[in-house]
Amino acid sequence: MATKLTVLSNGSLRVEGEDIQLVDAQGNAYGLGGRERISICRCGLSAQKPFCDGSHKGHFEHPAVAFDLPAPKPVV
């Protein structure tokens with residue numbers, strides 16, 4: 001199964017896959033305990049950042065609707 005990221009309306013970023021690797025800014029891996037699905041905080045309210053703990057409920061609104069990005073600017 002390919003890794004899939006889902007932006008949830010009014011909530012987290014769900015990551016699903018068979019071999020998820022999440023690393024910090026220094027490249028150290030988070031221990032995910034073999035999970036094949038994790039949720040990443042988008043609101044900044046979680047006490048367990050970068051993971052979602054549900055703190056966003058009632059405090060974060062963002063309707064997740066897909067759109068196309070414009071083409072990247074040419075590298076000069």
Side-chain angles (χ1 to χ4, degrees):
M1 174 167 120
T3 301
K4 177 180 169 184
L5 283 77
T6 305
V7 181
L8 300 175
S9 291
N10 305 323
S12 63
L13 179 65
R14 181 181 296 148
V15 183
E16 298 172 278
E18 292 180 3
D19 191 24
I20 300 170
Q21 183 180 27
L22 182 65
V23 298
D24 65 14
Q26 290 75 41
N28 301 307
Y30 287 90
L32 303 179
R35 288 174 175 79
E36 293 185 357
R37 182 167 85 174
I38 60 173
S39 292
I40 303 298
C41 176
R42 291 196 303 139
C43 72
L45 298 173
S46 176
Q48 301 223 350
K49 287 187 269 305
F51 304 102
C52 177
D53 67 2
S55 294
H56 62 271
K57 290 185 169 94
H59 302 285
F60 180 72
E61 291 186 24
H62 176 263
V65 178
F67 60 91
D68 293 331
L69 290 174
K73 294 179 182 178
V75 177
V76 190

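Just so it is clear, the values below take in all heavy atoms, side chains as well, and ignore hydrogens, waters and symmetry mates. Sequential numbering from 1 along the given sequence is applied to the chain's residues.
Here V23 sits alone; no ILVMFWY side chain lies under 4.5 Å from its own, so it joins no hydrophobic cluster.
Among residues two or more places apart in sequence or in another chain, the side-chain contact (heavy atoms from CB on, under 4.5 Å) test is passed with K4 by T6, E16. L5 pairs by the side-chain contact (heavy atoms from CB on, under 4.5 Å) definition with T3, L13, V15, not counting sequence neighbours. Judged as a side-chain hydrogen bond (donor to acceptor under 3.5 Å, both in side chains), and not counting sequence neighbours, the contacts of N28 are D24.
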Show the atom names and distances, to 0.1 Å, of all donor-acceptor pairs under 3.5 Å that link a side chain in residues 37-55 to residues at least two apart or in another chain.
| from | atom 1 | to | atom 2 | distance (Å) |
| --- | --- | --- | --- | --- |
| R42 | NE | G11 | O | 2.9 |
| R42 | NH1 | H62 | ND1 | 3.3 |
| R42 | NH2 | L8 | O | 3.0 |
| R42 | NH2 | G11 | O | 3.2 |
| R42 | NH2 | H62 | ND1 | 3.4 |
| S46 | OG | Q48 | N | 2.9 |
| S46 | OG | F51 | O | 2.6 |
| K49 | NZ | G44 | O | 3.1 |
| K49 | NZ | S46 | O | 2.9 |
| D53 | OD1 | S55 | N | 3.0 |
| D53 | OD1 | S55 | OG | 2.6 |
| D53 | OD2 | A47 | N | 2.9 |
| D53 | OD2 | S55 | OG | 3.4 |

